[in-house]
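Okay, so here's the structure we're looking at.
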Amino acid sequence: MSKAAEKAARRAAAKRTQTKKTIITVAIILAVLILITPLALFSSGAVYRMANAVTVGDETYTPADFNFYYYSSYQTIYNNLYSTYGDYVSMILDTSVPLDEQQYSEDQTWADYIKESTVANIENVSMLNAEAAAAGFTLSAEQEEELAGLISGTYAAAEAYGFSKNGYLQAVYGAGMNAAIYEANTRKAFIAETYAAQIAEGMTYTAEELDAAYQADPNAYEYVSYSIYSINGAAAEGEDADAAKAAAKAEAESIIARLAAGENFADVIYDIVDEESKSYYEDDSATRTNNAPYANVSTLPYGDWLFDAERASGDAEIFEQTYGYTVVQFIEREDNLYNSRDFRNILITAEAGEDGTVTAEAEAAALAEAQEILAQWKAGEATAESFGALADEHSDDTAVVEGGLYTNVPRNQVVTEVNNWLYDDARQTGDAEIVVSEFGCHILYYVGENAEVRTQLIEGALRTEEYNAWVAERMEGFTAQISSFGYNMAGKIA
């Protein structure tokens, strides 16, 4: 037998003797793969990039894609709540508690609600991108630069926090996210936003149309300012309910009497609250509400009273509520027939110590830094642009507006000290000054007046109504089809 034949025979014999063992081994390997492969896909994030969460038209969105929009929806919802409730937002939506453990309504958690909002967001983005493509819309060179800046800003944040690009994106958006998915969806969302703005800006109205809208509903375009204080009339344990309610009413009537005698609302409330609460009521910010639109108070017991055309400054009234009584005093009605303001802001905050307190020395250091920056600006070109460059370099303002520029700012929408400076009758374009508030040292630059506030409000309302109708006409064919496997994985941001 030749050596070649001998080797072949040995291989054949070995194959025969190993057949049973091989079958058993293969079965074991397959069983392990069945257990391990899904785990590997999840741990690597691959399944989040492969599974289908929703399909809109002819576009498929994976769980990783979905989470991009989920995070955006979450941030929008949270920011809107914070702008209304401030630090009390945690009573409504607590970021320290899992969203699926907090109720949005009786039959829906916050996680479910935000996922529902995300689906609507994805449907809208898909429709707008399709419309933009059909219209031949493309981003301008300036818009491409802005988009690139958004993306590079995210990567700069990753580097600043010591992350890789993908590591940072996964920390923000959840498993499976990577640079390619992030950039693709950022472009898609940016195109949708830019095209939507172009459509909305093309909707214009005549003076007659604006006046007709105002005459139809004046309350919708004017604001009221008022003071408010609520008295708890609930009975304590062992206390008679009627007596507790009567005591609360008596206290409310006492406040009304003191107001009628000419006392200041904030002073009265400071006088009657307990010692532990006095620090909160040291000024009128605890009791005063400025520039409230009708929509904010229309469902409240005192909403129509505040917006009554006959209401006069100083009017006060008691309103019975489930828990007790509320005293409201009308301050003024704002007809919004004035121009809003534009300004730039460089905020310099005092550095807090290890115990979280800010010393007088730290405040002085912040003021000195602000004075140095203002002096640097004055010694240079001293233009709006050079001021903006310093804002980008030095400002501690968490709003992170480019060049520190704020536009279309109505009265009483910024901190009091800044508002008073901004709306000083002597204010002139180019004015620059340091104003100190509870937030720090504001180096302010006055840009000038913008459009009339009431006109902007009416145009905004008409444009919103017309734009929503435009969207509704085009949403057919863009209803999301949910794929349960991928959809159930989505919306879980680490």
Side-chain angles (χ1 to χ4, degrees), residues 79 82-83 86-87 142 145-146 149-150 152-153 156-157 159-160 282-285 288 290-291 338-453 456:
N79 290 341
Y82 189 86
S83 67
D87 292 337
E142 185 179 47
E145 185 177 346
E146 183 181 352
L150 289 173
S152 63
E159 185 177 354
E282 282 180 341
D283 56 52
D284 67 359
S285 63
R288 179 166 177 151
N290 290 315
N291 286 6
Y338 69 95
N339 289 19
S340 61
R341 303 288 195 265
D342 296 348
F343 74 101
R344 292 181 185 269
N345 175 46
I346 302 174
L347 177 64
I348 305 299
T349 57
E351 188 174 346
E354 292 182 0
D355 60 354
T357 60
V358 176
T359 64
E361 290 78 8
E363 290 177 341
L367 179 59
E369 182 182 351
Q371 291 169 335
E372 184 179 338
I373 293 170
L374 181 58
Q376 179 184 345
W377 175 76
K378 288 180 176 180
E381 297 176 355
T383 62
E385 291 73 20
S386 63
F387 192 98
L390 288 172
D392 290 336
E393 182 180 355
H394 296 287
S395 185
D396 295 327
D397 191 346
T398 55
V400 197
V401 288
E402 185 175 355
L405 179 62
Y406 287 82
T407 61
N408 284 324
V409 180
R411 288 178 184 147
N412 300 315
Q413 295 300 302
V414 290
V415 65
T416 301
E417 292 82 0
V418 174
N419 177 81
N420 293 344
W421 183 87
L422 196 58
Y423 278 92
D424 188 320
D425 290 339
R427 193 60 50 231
Q428 297 290 320
T429 295
D431 286 355
E433 193 173 341
I434 296 171
V435 171
V436 179
S437 79
E438 62 180 301
F439 298 102
C441 300
H442 304 263
I443 313 170
L444 302 173
Y445 176 89
Y446 183 65
V447 176
E449 292 187 350
N450 208 306
E452 183 187 86
V453 173
Q456 291 184 71

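Computed from a prediction, not measured in an experiment: that's the story for all the values here.
Heavy-atom minimum distance, Leu444 versus Phe387: C-CZ, 4.0 Å. The two residues Val415 and Ser437 make their nearest non-hydrogen contact at CG2-CB, 3.9 Å. Listed here is the closest heavy atom pair of Pro410 and Ser340: N-CB, 4.3 Å.
The six-membered or imidazole ring of Phe343 lies away from that of Tyr446, with a centre-to-centre distance of 6.0 Å or more.
In this structure, the separation between CG on Asn408 and CZ on Arg341 is 11.5 Å, given to the nearest 0.5 Å. Here CD1 of Ile434 is found 5.0 Å from CG of Leu374. Values are rounded to the nearest 0.5 Å. For the atom pair CG (Asp284) and OG1 (Thr416), the distance works out to 7.5 Å, reported to the nearest 0.5 Å. Taking CD1 of Ile348 as the reference point, atom CD1 of Ile443 lies at 5.0 Å (rounded to 0.5 Å). With values rounded to the nearest 0.5 angstrom, Leu405 atom CG is found 9.0 Å from Glu402 atom CD. To the nearest 0.5 Å, atom CD of residue Glu372 and atom NE2 of residue His394 are 8.0 Å apart.
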Exercise. Kindly determine whether Ser395 and Asp397 satisfy side-chain hydrogen bond (donor to acceptor under 3.5 Å, both in side chains), including the steps that lead there.
Key: CA-CA 5 Å; Ser395 185; Asp397 191 346; 4.8 Å; no

Practice problem: Please test Asp431 against Trp421 for side chain to side chain contact (heavy atoms under 4.5 Å, CB included), starting from the C-alpha separation and ending with a verdict. | Solution: CA-CA 10 Å; Asp431 286 355; Trp421 183 87; 4.1 Å; yes

Quiz prompt | side chain to side chain contact (heavy atoms under 4.5 Å, CB included) evaluation trace for Val418 with Asn345 | solution = CA-CA 10 Å; Val418 174; Asn345 175 46; 5.7 Å; no

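In this structure a side-chain-to-backbone donor-acceptor pair under 3.5 Å is missing from Trp377 to Ala384. In this structure, Asn412 contributes its side chain and Asn291 its backbone to no donor-acceptor pair below 3.5 Å. A donor-acceptor pair under 3.5 Å is formed between the side chain of Gln456 and the backbone N or O of Ala451. Side-chain atoms of Asn420 do not come within 3.5 Å of backbone N or O of Glu417 as any donor-acceptor pair.
Under the side-chain hydrogen bond (donor to acceptor under 3.5 Å, both in side chains) criterion, Asp342 pairs with Asn450, not counting sequence neighbours. Under the side-chain hydrogen bond (donor to acceptor under 3.5 Å, both in side chains) criterion, Asn290 pairs with Arg288, not counting sequence neighbours. Residues satisfying the salt bridge (Lys or Arg N to Asp or Glu O under 4.0 Å) test with Arg411, not counting sequence neighbours, are Glu334.
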